[in-house]
Amino acid sequence: MKNTTSKSYIFFAVLISHLLFTFETTHGQEQLFINKETLQALKANTRSADGMPGKSYWQNSSNYNINAVFNPATGILEGREDITYYNNSPDTLKTIVVRLYQDIFKKGNKRISEVDPTDLTEGVVIKSIIYQKEQLSGNNESAYITRAGTNMYIKLPQKLAPKSSANIHLEWSFKIPSKTQLRMGTYDSSSFFVGQWYPQIAVYDDIRGWDIHDYNGLAEFYNDFSNFEVGITVPGGYAVWATGKLTNGNDVMNAAYYDKIQEAMNSDKMITIAVPADYKNGKLLKNNEWNTWKYEARNVSDFAFALSDHYTWEASSVVADKTTGKKVFIQTAYNENHPDYKEVHEIEKKTIEYLSGNFPGTPFPFPCMTVFDGADGMEYPMITNVGSFENRGETVYAQSHEIAHTYLPFLVGTNETMSGWMDESMTVFLPEELQKTIEPSKDVATYTTYVYSYYAGKEYEPAVMTPTIYLTSDIYFMLNYGKGEQILRLLEMQLGKDMFKKCLKEFINRWKYKHPTPYDFFNTFNDISGQDLTWFWKSWFFEQGIPDLSISSASWKDGKCTVKIKNIGGLPLPVSLTFVTSDGKTFLYEAKADIWKDGKKEVTLTQNINQKVTEIKLGNSQIPDSNPSDNKFKLD
């Protein structure tokens, strides 16, 4: 039979075998499953087996110039948008994918999150599309335009070559939802938060090409790092807060109020910029007809804004880098009827100081941060949308959690639609010690341990590496927030706090303003720690199991206590044993999770304890265990 195998096929097979061999010999004999997309990226040298961006790493970007007009009386937001899209890839693009997030409200579209029927519309109205000065279409589909789900596909009349750019002009409008508060919306008759609002070029990357996953209301976002110049025109009496720096404050605000902003930019003391009466009596703004607020942001992955005609407005600055003295301008805009917000500005300040100086210990990367009083909690670059809470612990948690997202996904551009755990688990974990310092009753670590212990092993619990877009809402939160946080804490227990922090800081430094995958995270921690953690990644991210250790037997004789620990659930967990002696004293013994890394199902531990041991307790409030009933052993 004639051999039809091509030379290129043989070359590819040999190369992949080499990559797998390199990965195995570098990181031990146990091997992680590597998906085809990642193997292809390794072959193309856009990723590397040590967790560094590859020599041929690339990513695309855009410059957005947007002018939008919002009329609160009608709820209609209209925009004109000029985009310069940079194709930095080695590929010739025949199509450009544009996200129309607000098509989630389009009648007949699929969604996971509930939408009030009164907010259903015909979706985003596209009035004009011009590509490289060529008019393509209006709202109807054509030979060049196809819409499906929340994406619009533009078939290019002229292909976009590698290392080149194209100009796209869009005119559009849609209605802001009045009742549905899906990360954005209407919070009273004259207060709004606006996210997922402008037609946005989807990500084209080295892993999957175009990201064409529809916005379903649950899974979050994956965006290019781009530059924005945005003008937002609103009626007189309204203030606008947004991503980035306000560039024309002196044009729209009266001098007395604009001077307060300038003062706050250099003050560590909170300064009240405006209160409801300032809006009502017309003193805040120069023009009480219509005003255009202009904002500028560079190298950010999204842009959001908010407006109100009665919110209390506070501002100050906080030093984020003690070495350079770099400051972050922070603002709070809130409803005066929400008492918890009286403290939010201080929480905002403490959070930025903690994240910058303590954990992760990387200076806050952006020049400003605004907290807006909206609903629940949602993060955007340099602005968050967080509601009011009666419980102080919830206020502390929500505010610090959303600000922590500055690091992931806004500095490190993780793909939330595929790997939501990469940002959510980290932003649960990072501020936990700060939260307890501000509000001692808020013990997030113990709570997530309890939640994960309860849900672990149920039939609908998938592996953590399951793409986020496949998750239902209950599993989405348990997996990305609960189990994900547990995994990070267990990893910190394994490595030690100092080494964990060193690995995390290096991961942030390697992948800032770039798009890492989970493998880049795993490989960086392997590389920096100098440890083969394949056993950890495989068990906790790729496989399923139940956190369940038990004491199968124990004895004390002649000053030695011998304990047999059985791993019933199969997951590698650290061991914490408390020995209680006949005279009431306690002795603590701890072993790291790597005692199980060779696949052991049972280990025997021996401790020298002179006093007679009467009871042994296994575990603690920070180590998950789905069946704690077998964690105590009494000795005669």
Side-chain angles (χ1 to χ4, degrees), residues 32-33 35 37-38 99 101 103-104 109-115 149-151 180-184 195-196 202-203 205 207-208 211-223 376-379 398 401-402 404-405 408-409 412-429 444 447-490 515-522 537-547 571 624 626:
L32 290 183
F33 166 76
N35 58 51
E37 292 86 348
T38 299
R99 292 176 174 140
Y101 289 116
D103 272 1
I104 194 172
N109 269 2
K110 294 180 180 180
R111 61 189 72 86
I112 290 179
S113 299
E114 292 186 6
V115 170
T150 57
N151 289 323
T180 306
Q181 295 176 348
L182 187 55
R183 298 189 172 92
M184 52 90 74
Q196 292 81 59
V203 174
D205 68 16
I207 300 294
R208 300 173 192 88
D211 175 27
I212 59 173
H213 297 300
D214 286 330
Y215 175 43
N216 61 22
L218 180 62
E220 292 182 343
F221 311 106
Y222 180 40
N223 303 329
D376 298 322
M378 183 58 197
E379 70 279 1
H401 172 86
E402 303 306 344
H405 273 295
L408 295 101
V412 178
T414 56
N415 184 343
E416 299 175 281
T417 65
M418 294 297 290
S419 306
W421 64 267
M422 290 188 75
D423 70 301
E424 294 298 354
S425 63
M426 193 65 74
T427 49
V428 173
F429 184 64
V444 175
Y447 176 73
T448 53
T449 302
Y450 167 78
V451 169
Y452 170 57
S453 298
Y454 177 80
Y455 281 101
K458 291 184 179 291
E459 63 180 352
Y460 53 76
E461 181 202 356
V464 176
M465 286 291 283
T466 304
T468 306
I469 54 168
Y470 296 149
L471 303 181
T472 58
S473 58
D474 50 352
I475 291 301
Y476 174 89
F477 289 102
M478 192 282 289
L479 212 64
N480 292 334
Y481 294 71
K483 185 175 182 179
E485 183 270 355
Q486 294 283 288
I487 293 172
L488 293 176
R489 183 150 17 84
L490 295 172
H515 296 307
T517 70
Y519 294 99
D520 300 315
F521 179 82
F522 302 152
W537 312 128
K538 188 174 182 181
S539 296
W540 283 105
F541 288 94
F542 291 83
E543 299 177 344
Q544 293 171 288
I546 301 172
L571 290 172
S626 290

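This one's a predicted model, so the numbers in the text were calculated from it and none came from an experiment.
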Taking salt bridge (charged side-chain N to carboxylate O under 4.0 Å, His left out) as the definition, give me every residue that meets it alongside [X], ordered by chain and number, with sequence neighbours left out.
X: E402; answer: none
X: E220; answer: R183
X: D205; answer: none

Kindly compute the distance separating [atom1] ([X]) from [atom2] ([Y]), expressed to the nearest 0.5 Å.
X: T414; Y: H405; atom1: OG1; atom2: NE2; answer: 9.0 Å
X: M422; Y: T427; atom1: CE; atom2: OG1; answer: 12.0 Å
X: I207; Y: N35; atom1: CD1; atom2: CG; answer: 7.5 Å
X: H213; Y: I469; atom1: NE2; atom2: CD1; answer: 3.5 Å
X: F541; Y: I487; atom1: CZ; atom2: CD1; answer: 4.5 Å
X: E379; Y: F221; atom1: CD; atom2: CZ; answer: 8.5 Å

Holding to ring-ring contact (aromatic ring centres under 6.0 Å, His included), I want the full list of residues that pass it with Y222, two or more places apart in sequence or in another chain. H515
For F477, what residues pass the ring-ring contact (aromatic ring centres under 6.0 Å, His included) criterion, not counting sequence neighbours? Y481
Return the set of residues passing side chain to side chain donor-acceptor pair (under 3.5 Å) with [X] (not counting sequence neighbours), or none when no residue passes.
X: S626; value: none
X: T517; value: D520
X: E416; value: none
X: T468; value: none

If you apply the rule side-chain contact (heavy atoms from CB on, under 4.5 Å), what do you find for I546 with L571, and how did you get there? CA-CA 6 Å; I546 301 172; L571 290 172; 5.6 Å; no
Do the rings of [X] and [Y] sit parallel, tilted or perpendicular, given the 30° and 60° boundaries?
X: W421; Y: F521; result: perpendicular
X: Y519; Y: F542; result: tilted
X: Y447; Y: Y450; result: tilted

Minimum-distance pair of heavy atoms, taken over all atoms of [X] and [Y]:
X: L471; Y: Y476; value: CD1-CA, 3.9 Å
X: P624; Y: L490; value: CD-CD2, 4.3 Å
X: V412; Y: P516; value: CG1-CG, 3.4 Å
X: D103; Y: N109; value: O-ND2, 2.7 Å

Is there a donor-acceptor pair under 3.5 Å between the side chain of [X] and the backbone N or O of [Y]?
X: D211; Y: V203; answer: no
X: N216; Y: L218; answer: yes
X: T150; Y: Y215; answer: yes

Apply side-chain contact (heavy atoms from CB on, under 4.5 Å) to residues M418 and N415 and explain how you reach the verdict. CA-CA 6 Å; M418 294 297 290; N415 184 343; 3.5 Å; yes
With side chains defined as the heavy atoms from C-beta onward, is the minimum distance between [X] and [Y] less than 4.5 Å?
X: T448; Y: Y452; answer: no
X: L182; Y: R111; answer: no
X: Q196; Y: M184; answer: yes
X: I104; Y: K110; answer: no

With sequence neighbours excluded, what pairs up with Q544 under the side chain to side chain contact (heavy atoms under 4.5 Å, CB included) test? none
Applying side-chain contact (heavy atoms from CB on, under 4.5 Å) to V428 and N480, what does each step give before you reach the verdict? CA-CA 9 Å; V428 173; N480 292 334; over 6 Å; no
Answer with yes or no whether the side chains of E485 and S425 bring together a donor and an acceptor at under 3.5 Å. no
Tell me yes or no: between the side chains of H401 and E424, is some donor less than 3.5 Å from an acceptor? yes
Could you walk me through whether W540 and V464 pass the side-chain contact (heavy atoms from CB on, under 4.5 Å) test, one step at a time? CA-CA 7 Å; W540 283 105; V464 176; over 6 Å; no
Report, one line per pair, each donor and acceptor closer than 3.5 Å where one atom sits in a side chain of residues 453-460; sequence neighbours left out.
| unit_1 | atom_1 | unit_2 | atom_2 | d |
| --- | --- | --- | --- | --- |
| S453 | OG | T449 | O | 2.7 |
| S453 | OG | D625 | N | 3.0 |

Residue pairs passing the salt bridge (Lys or Arg N to Asp or Glu O under 4.0 Å) test where at least one lies in residues 466-483, sequence neighbours excluded: E461-K483
